[in-house]
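As structure tokens, the structure follows; a few thoughts come after it.
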There are 2 protein chains.
Amino acid sequence: MGVTKTDLFTKEQNELAVLAKSLAHPARIAILQYLLESNKCINGDLVNELGLAQATISQHLRELKNVGLIQGSIEGVSMSYCINPEKWSSIQKLFNGMFDKIQNCGPDECC
Amino acid sequence: MGVTKTDLFTKEQNELAVLAKSLAHPARIAILQYLLESNKCINGDLVNELGLAQATISQHLRELKNVGLIQGSIEGVSMSYCINPEKWSSIQKLFNGMFDKIQNCGPDECC
DNA sequence: TCTTTTCATCGTATTATTACGATAATTAAT
DNA sequence: ATTAATTATCGTAATAATACGATGAAAAGA
């Protein structure tokens, strides 16, 4: 490409894009849905659940953790992940802040 | 990478990921925000508005059009783009369908 | 201590994304 | 018919994302 020109855009635009990117892979969606389902926080039986290699899952988990959507805690020899509820609701608000901006327009105003 | 293994995931998971990907760039967020603001549907003065080359903007517009978020109509020599309201609200529902699934859990259930 | 289990990280091959100059295509205007 | 204006597409260089085997690190249990 050439790098994304982050400096051309507002903080909010970049933030939305980064968050959207973290959701831009079906494996990460699946991980989040799995965590939402089993609210008891589940570790790497995601590896069994999804059909991906352990290293790949771990990589996706790290991305979700980097944007703050999930958090992990050590549980003996294994790792326990869960949704970060605060971040989760803040993301929902951020997205809806954009989604809600739609305005219905007259017959000549739209294409 | 190796290609995303689409077949491992559900239709909904893939759909969410594709839509998220279309939002996963600040330029596309900026384009959408601009279209939301000026509900009269604006054409390629996006090129002036954002600081990107014409070809780059056109490429981003095509991506947004491909997922159905925007639609364009020819207006003389120029092109008029606007948000597709039906798709827009369907996306909002799809995302909120996931966001709303969060459940508060007891002290021992979360990590 | 040694082994097992579980997870993260590294290295790397493969594919996708981004950006933009150049060029084509289309329409309006002269 | 020419020219100007506007947009899409092509080609391509640079960079990011994906997947996974291999290896490392840390804790539990023998």
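All values below come from the heavy atoms of this structure, side chains included, with hydrogens, waters and symmetry mates left out. For clarity, every value in this text was computed on a predicted model and none was experimentally measured.
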By side chain to side chain donor-acceptor pair (under 3.5 Å), which residues pair with A/Ser73, not counting sequence neighbours? none
Near DNA chain C, counting only heavy atoms under 4.0 Å, which residues of residues 55-80 of chain A show up? A/Ala55, A/Ser58, A/Arg62, A/Val77, A/Ser78, A/Met79
Pull out every residue in residues 45-54 of chain A that has a heavy atom closer than 4.0 Å to any atom of DNA chain D, ordered by number, or say none. A/Leu52, A/Ala53
What residues, two or more places apart in sequence or in another chain, satisfy side chain to side chain donor-acceptor pair (under 3.5 Å) together with A/Gln33? B/Gln13
With sequence neighbours left out, write down each residue that passes side chain to side chain donor-acceptor pair (under 3.5 Å) with A/Asn66, or none if nothing qualifies. none
Looking only at heavy atoms, which two atoms of A/Val67 and A/Lys87 are closest? And how far apart? O-CE, 3.0 Å
Can you name the residues that form a side-chain contact (heavy atoms from CB on, under 4.5 Å) with B/Asn104, not counting sequence neighbours? none
B/Leu8 atom CG is separated from D/dA19 atom C1', nearest whole Å, by 11 Å
Closest non-hydrogen contact found for B/Trp88 with A/Phe99 is NE1-O, 2.8 Å
Below 3.5 Å, can you tabulate the donor-acceptor pairs from side chains in residues 16-32 of chain B to any protein atom, sequence neighbours excluded?
{"residue": "B/Ser22", "atom": "OG", "partner": "B/Leu19", "partner atom": "O", "Å": "2.6"}
{"residue": "B/His25", "atom": "ND1", "partner": "B/Ala27", "partner atom": "N", "Å": "3.0"}
{"residue": "B/His25", "atom": "NE2", "partner": "A/Thr4", "partner atom": "OG1", "Å": "3.3"}
{"residue": "B/Arg28", "atom": "NE", "partner": "B/Ser22", "partner atom": "O", "Å": "2.8"}
{"residue": "B/Arg28", "atom": "NH1", "partner": "B/His60", "partner atom": "ND1", "Å": "2.9"}
{"residue": "B/Arg28", "atom": "NH1", "partner": "B/Glu63", "partner atom": "OE1", "Å": "3.4"}
{"residue": "B/Arg28", "atom": "NH1", "partner": "B/Glu63", "partner atom": "OE2", "Å": "3.2"}
{"residue": "B/Arg28", "atom": "NH2", "partner": "B/Lys21", "partner atom": "O", "Å": "3.1"}

Verify the contact: side-chain N or O of A/Tyr81 to OP1 or OP2 of C/dA8, cut-off strictly under 4.0 Å; return yes or no. yes
Distance-only check: which donor-acceptor pairs under 3.5 Å involve side-chain atoms of residues 47-57 of chain A, not counting sequence neighbours?
none

Atom pairs and distances, donor-acceptor, side-chain atoms in residues 74-81 of chain B, under 3.5 Å, two or more places apart:
{"residue": "B/Ser78", "atom": "OG", "partner": "B/Asn43", "partner atom": "ND2", "Å": "3.3"}
{"residue": "B/Ser78", "atom": "OG", "partner": "B/Glu75", "partner atom": "O", "Å": "3.3"}
{"residue": "B/Ser80", "atom": "OG", "partner": "B/Cys41", "partner atom": "O", "Å": "3.0"}

Residues of residues 14-27 of chain A with any non-hydrogen atom less than 4.0 angstrom from an atom of DNA chain D: list those, numerically ordered, please. A/Lys21, A/His25
Identify the two heavy atoms, one from B/Lys65 and one from B/Gly72, that lie closest to each other, and give their separation to 0.1 Å. CD-N, 4.3 Å
